[in-house]
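Worksheet: one structure, shown below.
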Amino acid sequence: VQLQASGGGLVQAGGSLRLSCAISGRSFSSYGMGWFRQAPGREREFVAAITWSGSTTYYADSVKGRFTISRDNAKNTVLLQMNSLKPEDTGVYYCAARVRYSGRDFNNDAYWGQGTQVTVSS
């Protein structure tokens, strides 16, 4: 299983970006998917997740109401729509996959992709 995140870039505060994570391999619909981010000098933190069924989503309090996670099983892709971006949203964003998982914990038994840089200028 391989994951590839894309869509990062430089944006002004208040702007929007949409991140995409493509996952290779079969049975994408059986994976719970998550987004995490890591700012310089800080630990990686949870951002958002969606269950393998797509029926439930989870968000960090810091992004709730601004970010939306969704999945397109036909395209083996999970998206993160980020609106009203703030400088504190800056970091490298990673996607993760965990088979038949519902929740926020991707520390074990998960696949991780390369990150995509998001920079929000003030």
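Values below: every heavy atom of this structure, side chains too, minus hydrogens, waters and symmetry copies.
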Look up atom [atom1] in [X] and atom [atom2] in [Y], then write down how far apart they are to the nearest 0.5 Å.
X	Y	atom1	atom2	answer
C21	Q4	SG	CD	8.0 Å
Y93	M82	OH	CE	5.0 Å
T57	K64	OG1	NZ	9.5 Å
N76	S24	CG	OG	8.5 Å

Do [X] and [Y] make a side-chain contact, defined as non-hydrogen atoms from C-beta onward lying under 4.5 Å apart?
X	Y	result
V63	R37	yes
F67	N83	no
T90	Q117	yes
K86	R66	yes
S70	Q81	no
E88	S122	no
V118	L17	yes
W35	L79	no

(Q) Between D109 and V99, does the side chain to side chain contact (heavy atoms under 4.5 Å, CB included) criterion hold? Intermediate values first, please. (A) CA-CA 8 Å; D109 302 321; V99 66; over 6 Å; no
Q. Between T116 and G8, is there a donor-acceptor pair closer than 3.5 Å when you use the side chain of the first and the backbone of the second?
A. yes
Q.
Please check this pair: side chain of R98 against backbone of G103, looking for a donor-acceptor N/O pair closer than 3.5 Å.
A. no
Q. Does a donor on one side chain and an acceptor on the other come within less than 3.5 Å for D72 and T77?
A. no
Q | Nearest non-hydrogen partners of L3 and C95, listed with the distance | A | CD2-SG, 3.7 Å
Q. Which atom names give the shortest non-hydrogen contact between M33 and A97, and what distance separates them?
A. SD-CB, 3.5 Å
Q: List in chain and number order the residues that pass side-chain hydrogen bond (donor to acceptor under 3.5 Å, both in side chains) with N107, two or more places apart in sequence or in another chain; answer none if no residue qualifies.
A: D105
Q: Inspect the surroundings of CD in Q2 and state if more than 12 heavy atoms from other residues, nucleotides or ligands are less than 6.0 Å away.
A: no
(Q) More than 12 heavy atoms of other residues, nucleotides or ligands under 6.0 Å from CD of Q114: yes or no? (A) no
Q: Please check if L80 and Y111 belong to a single hydrophobic cluster, counting links between Ile, Leu, Val, Met, Phe, Trp and Tyr side chain heavy atoms closer than 4.5 Å.
A: yes
Q. Linking I/L/V/M/F/W/Y whenever any side-chain heavy atoms sit under 4.5 Å apart, do L19 and L10 land together?
A. no
(Q) I50 and side chain to side chain contact (heavy atoms under 4.5 Å, CB included): which single residue from T68, T56, I69 fits? (A) I69
Q) What's in the same ILVMFWY side-chain cluster as Y58, cut-off under 4.5 Å, chained through other members? A) F36, F46, V92, Y94, Y101, F106, W112
